[in-house]
Amino acid sequence: MASRSANFDILVVGAGPAGIAAACCASESGARVGILDNNPRAGGQIWRGHQHSDANPDARKWFDKFAAAKIDFLSSSEVIDQLENGRLIVQSIDAQSIDEVRELTYKNLIVCTGARELFLPFPGWTLPNVMGAGGLQALVKSGLPISGKKVVVAGSGPLLLAVAAHLREHGADVRLIAEQAPWHRLVRFGMSLAFEKTKLAQAFAIKRQLSGVPYKTNCWPLCVNGDDKLESVTLRAGDRTWQESCDYLACGFHLVPNTELAALLGCELRAGFIRIDENQRTSIANVFAAGELTSIGGVDLSILEGQIAGYAASGQAASAAQLVPQKRRLDRFAALLRETFALRDELRSLADAETIVCRCEDVTLSRIRHHSSWRASKLHTRCGMGACQGRICGPATEFLLGWKVDSIRPPIFAASLQSLAVAAAAHTQEHLMLNEESR
Amino acid sequence: MKLPVYDVLIIGAGIVGAACAAACAAEGLSVGIVEAEIIGGGATAAGMGHLVVMDDSEAQFALTRYSQTLWQHLSLELPPDVEYEGCGTIWVAADAGEMRAVTEKKQFYESRGVPAEILDSHALQEAEPNLRIGLPCGLLVPEDAVIYAPCAARFFVEKAQSRGAQLHLPRVVTEIAPDGVRLNDGTSIVAQSIVIAAGTWSAKLLPGIDVRKRKGHLVITDRYTGFVRHQLVELGYLKSAHSLTSESVAFNIQPRKTGQMLLGSSRQFDKDSTAVDHAILSRMLARAEEFIPDLGHLSAIRTWTGFRAATPDKLPLIGPMPGYENLFLATGHEGLGITTSLGTARLLVDQLLQRTPEIPAAPYLPGRVYENVHA
Amino acid sequence: MPDAISITVNGASVTVPSGTTALAAILSTGASTVRRSVSGAPRGPLCGMGICFECRATVNRRRHSRTCEILCAPGMDIRTGDCVRERVDG
């Protein structure tokens with residue numbers, strides 16, 4: 001979908017729940033609002049495919065608001081670089097307009113780039129048909145046939161249950177859900193949900209959808225078996241290990257924030273997340289951040305943060321202030337998530353010397369682990385130097401080896417040299433005149 | 001608290017310092033290496049690992065040719081992660097006006113024993129199908145090569161350590177004293193001789209020497225095996241390297257063993273920031289596209305910058321620092337540090353041992369520039 | 001946009017519902033391997049959201065395209081196996 005203009009008062013990056021809420025609230029001020037996302041439709045990960053469905057009332061409400069508001073949505077678009085504060089370069093990844101580059105200007109920016117799954121390496125994890133939990137769900141939503149296929153869902157986080165339920169709905173034979181967190185923590189988590197009516201309702205709905213599917217706690221994958229694709233997964237729970245044969249392994253160990261854009265803009269981080277004040281403002285005055293980017297807190301917190309950011313960025317301070325107290329309650333939920341799904345130490349020993357840690361460059365654990373830092377390892381083994389620029393192996397090495405991943409350089413996502421050239425040339429021009437109607 | 005006494009203490013474990021350490025250790029000298037951050041960091045990490053013989057002056061030729069020969073002998077010993085690839089260089093003429101320069105270049109090389117072959121327009125297209133059709137000619141120098149420099153630096157440090165050299169990392173030298181150095185952890189290292197091989201940090205260690213930061217940009221692509229087969233450099237590269245103006249670009253592309261392409265080059269003085277400079281990046285990419293029209297379609301993964309250590313006369317500083325009893329320099333290599341690391345190491349160790357070097361050391365002596373700078 | 005879209009995957013004609021991504025189209029042919037790693041190992045998608053780059057294939061002659069983010073369009077040509085050792089078409 002083409003945008004009608006390249007100049008915005010408020011530009012929102014990421015059209016998941018946080019971004020949609022931010023854009024809607026910002027547009028209440030009458031400001032010119034634009035929003036972009038790398039997917040063809042809005043929704044991000046958690047609301048993927050919900051734009052035209054009634055399955056999720058929250059999503060439905062926000063999508064309706066979104067459609068009714070005057071917001072420019074640039075689909076299939078990724079930010080690749082910043083020229084200077086207020087000017088971003090965006091590339092199209094839609095097949096019809098691939099590599100087309102445009103400059104977007106803004107007075108205020110709201111970054112809602114969300115989170116990605118944390119992947120931990122273990123033997124066989126690079127075999128085809130081993131995917132993230134959200135990864136497999138995204139694939140099913142974009143057309144992968146799953147009916148009748150045997151799936152093991154493993155890793156950690158509430159996402160596992162949502163994914164398992166969704167897969168089952170589409171006819172998958174979900175063999176089991178393996179959650180690494182210990183039973184007592186999950187009980188505590190479940191009990192805290194009892195005080196949230198909507199969450200409790202959601203939990204019961206999921207429980208119904210998953211009736212008959214074993215949910216094992218203290219349980220994690222040890223290795224994947226197969227020659228040129230997954231055949232079975234070996235799992236451990238307590239003293240017991242066993243093999244589960246399956247067609248897909250949907251495995252992710254909770255979430256890490258997509259901080260790359262905000263970091264490139266110069267926003268300060270705190271504990272790995274983008275640091276914000278109570279109005280969602282980052283360390284850069286005209287850049288706001290909302291959603292899983294600021295802390296992993298689930299969809300309700302994302303929506304609330306999006307609303308606050310949208311109001312704050314568009315000068316509707318009173319509306320923002322009204323919502324801020326609600327954050328406290330939801331921040332507690334974020335803390336609970338953190339505690340419940342903290343990764344256990346045993347997961348550090350899953351990978352052996354020959355396990356690939358950097359998938360882009362096929363670098364094994366034995367080659368990297370004696371290095372003193374992420375940077376040293378990168379330089380000497382190429383770990384993190386490949387196409388994904390450390391997005392997959394970086395968080396894994398942070399968990400396995402305690403390294404701090406640093407240094408983001410443009411382009412934020414791989415871009416054609418032509419796109420880089422056009423973007424670089426735009427820096428010296430007033431505005432990149434690519435859109436006819438903005439002339 | 002004092003640390004062991006060394007014959008030689010090398011400051012800096014970039015490729016030059018590392019090579020010096022290996023050369024000294026090989027001669028039975030006791031060697032210490034002080035490195036602030038990472039082996040093979042600095043310009044070694046940022047640049048292209050091009051091993052190239054240069055013809056811009058007799059002195060530059062002598063040092064690069066000497067070094068290239070040393071690299072060729074060493075290549076058999078290098079581990080796979082150094083990715084030594086004898087792909088050769090093709091110097092590309094941009095237009096008919098540069099054809100004469102190509103002929104002169106060939107004569108220069110051949111009369112000095114460096115094989116070089118002129119490729120006419122047709123042969124150039126055969127050798128490099130992705131070059132723009134209609135480029136008049138090029139000069140193939142088949143004995144040039146490429147390496148992955150950070151791993152070469154690590155290889156040299158390990159060689160030195162296998163002969164007893166000791167690595168002090170991470171440590172920063174805060175002061176150079178008559179008998180050694182003081183480090184940022186409060187300790188001292190005593191050494192008979194000290195070698196400053198700290199690249200763009202050399203001027204900090206020894207105020208008064210003119211080694212300036214010359215910023216460069218690079219882009220790396222995804223994998224396109226066979227898209228380019230040799231290191232391709234435009235003849236204008238030398239003009240850029242020698243330019244006295246503040247900013248210049250020159251087409252320079254290197255195929256890595258991985259199939260990725262490293263694309264450069266740019267030169268800027270007086271830039272302290274490591275941020276990517278869009279204006280000069282734009283010029284660099286535009287220049288490259290003039291030689292390779294299809295370049296635009298390739299996927300670029302990352303852009304970055306680095307600082308070369310540049311001296312006013314474009315030659316490195318290798319040898320004793322006048323006015324000091326025991327201080328040596330091995331720095332200021334601009335864009336040729338990787339190539340000339342081996343030659344530098346040999347010149348340095350020959351001077352330490354007061355042996356006659358295999359090539360004249362005079363053009364690179366700090367004494368050519370400095371007299372008793374020591375305050 | 002028609003409900004069913006005709007594309008080719010590795011030369012074979014494939015029909016997919018509108019809204020299917022190039023990646024889903026590849027996998028719906030029964031293939032699990034989308035590309036080869038730098039040392040030649042078979043690889044399929046991991047993250048499903050455009051971050052891991054394991055879903056790269058050649059789409060409409062453009063190499064290294066992330067197929068999980070690209071919607072199928074009529075006549076789209078998809079080729080998998082961006083092998084390291086493969087040479088670029090002239």
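Note on naming: letters A, B, ... go to the chains in the order of the sequence lines (proteins, then strands), and numbering restarts at 1 for each one.
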Exercise. Is it the side chain or the backbone of A/L230 that comes within 4.5 Å of chain C heavy atoms, both, or neither?
Worked result: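 For A/L230, there is no contact with chain C at all, as no heavy atom is under 4.5 Å.
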Exercise. Where on A/Q137 is there a heavy atom nearer than 4.5 Å to chain C: the side chain, the backbone, both, or neither?
Worked result: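 A/Q137 has no heavy atom closer than 4.5 Å to chain C.
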Problem set entry | Side chain / backbone / both / neither for C/C68 at chain A, heavy atoms under 4.5 Å |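 No part of it gets close to chain A.
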For this session: Let me know which of A/D37, A/L74, A/L36 forms a side-chain contact (heavy atoms from CB on, under 4.5 Å) with A/V13.
Result: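 With A/V13 as partner, side-chain contact (heavy atoms from CB on, under 4.5 Å) holds for just one option, A/L36.
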Exercise. With the threshold set at 4.0 Å, does a side-chain nitrogen-carboxylate oxygen contact exist between A/E260 and A/R116?
Worked result: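 Result for this pair is yes, salt bridge flagged.
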Problem set entry | C/S18 versus C/D3, side-chain donor and acceptor atoms under 3.5 Å |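 The criterion, which ignores hydrogens and geometry beyond distance, is not satisfied for C/S18 and C/D3.
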Exercise. Which heavy-atom pair separates A/E361 from A/G386 by the least distance, and what is that distance?
Worked result: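 Minimum heavy-atom separation between A/E361 and A/G386: OE2-CA, 3.4 Å.
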Exercise. Should the pair A/F63 and A/W47 be assigned to parallel (<30°), tilted (30 to 60°) or perpendicular (>60°) ring geometry?
Worked result: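 It falls in the tilted class, 30° to 60°.
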For this session: For each of A/G252, A/G132, A/C388, tally heavy-atom pairs with chain C at distances under 4.5 Å, and name the one with the top tally.
Result: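 Result: the option with the highest number of such pairs is A/C388.
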For this session: Just give me the residue among A/A414, A/G143, A/P128 that pairs up with chain C most often, heavy atom to heavy atom, under 4.5 Å.
Result: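 The option with the most such pairs is A/P128.
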Exercise. When heavy-atom pairs shorter than 4.5 Å are enumerated against chain A, which of C/L46, C/L23, C/V16 gives the highest number?
Worked result: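 Counting heavy-atom pairs under 4.5 Å, the top option is C/L46.
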Exercise. Out of C/S32, C/A31, C/G50, C/A24, which one racks up the most heavy-atom pairs below 4.5 Å with chain A?
Worked result: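 Among the listed options, the one with the most contacts to chain A is C/S32.
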For this session: Would you sort out whether C/R35 and C/F53 count as a side chain to side chain contact (heavy atoms under 4.5 Å, CB included), showing the intermediate values?
Result: CA-CA 10 Å; C/R35 61 178 286 271; C/F53 285 78; over 6 Å; no
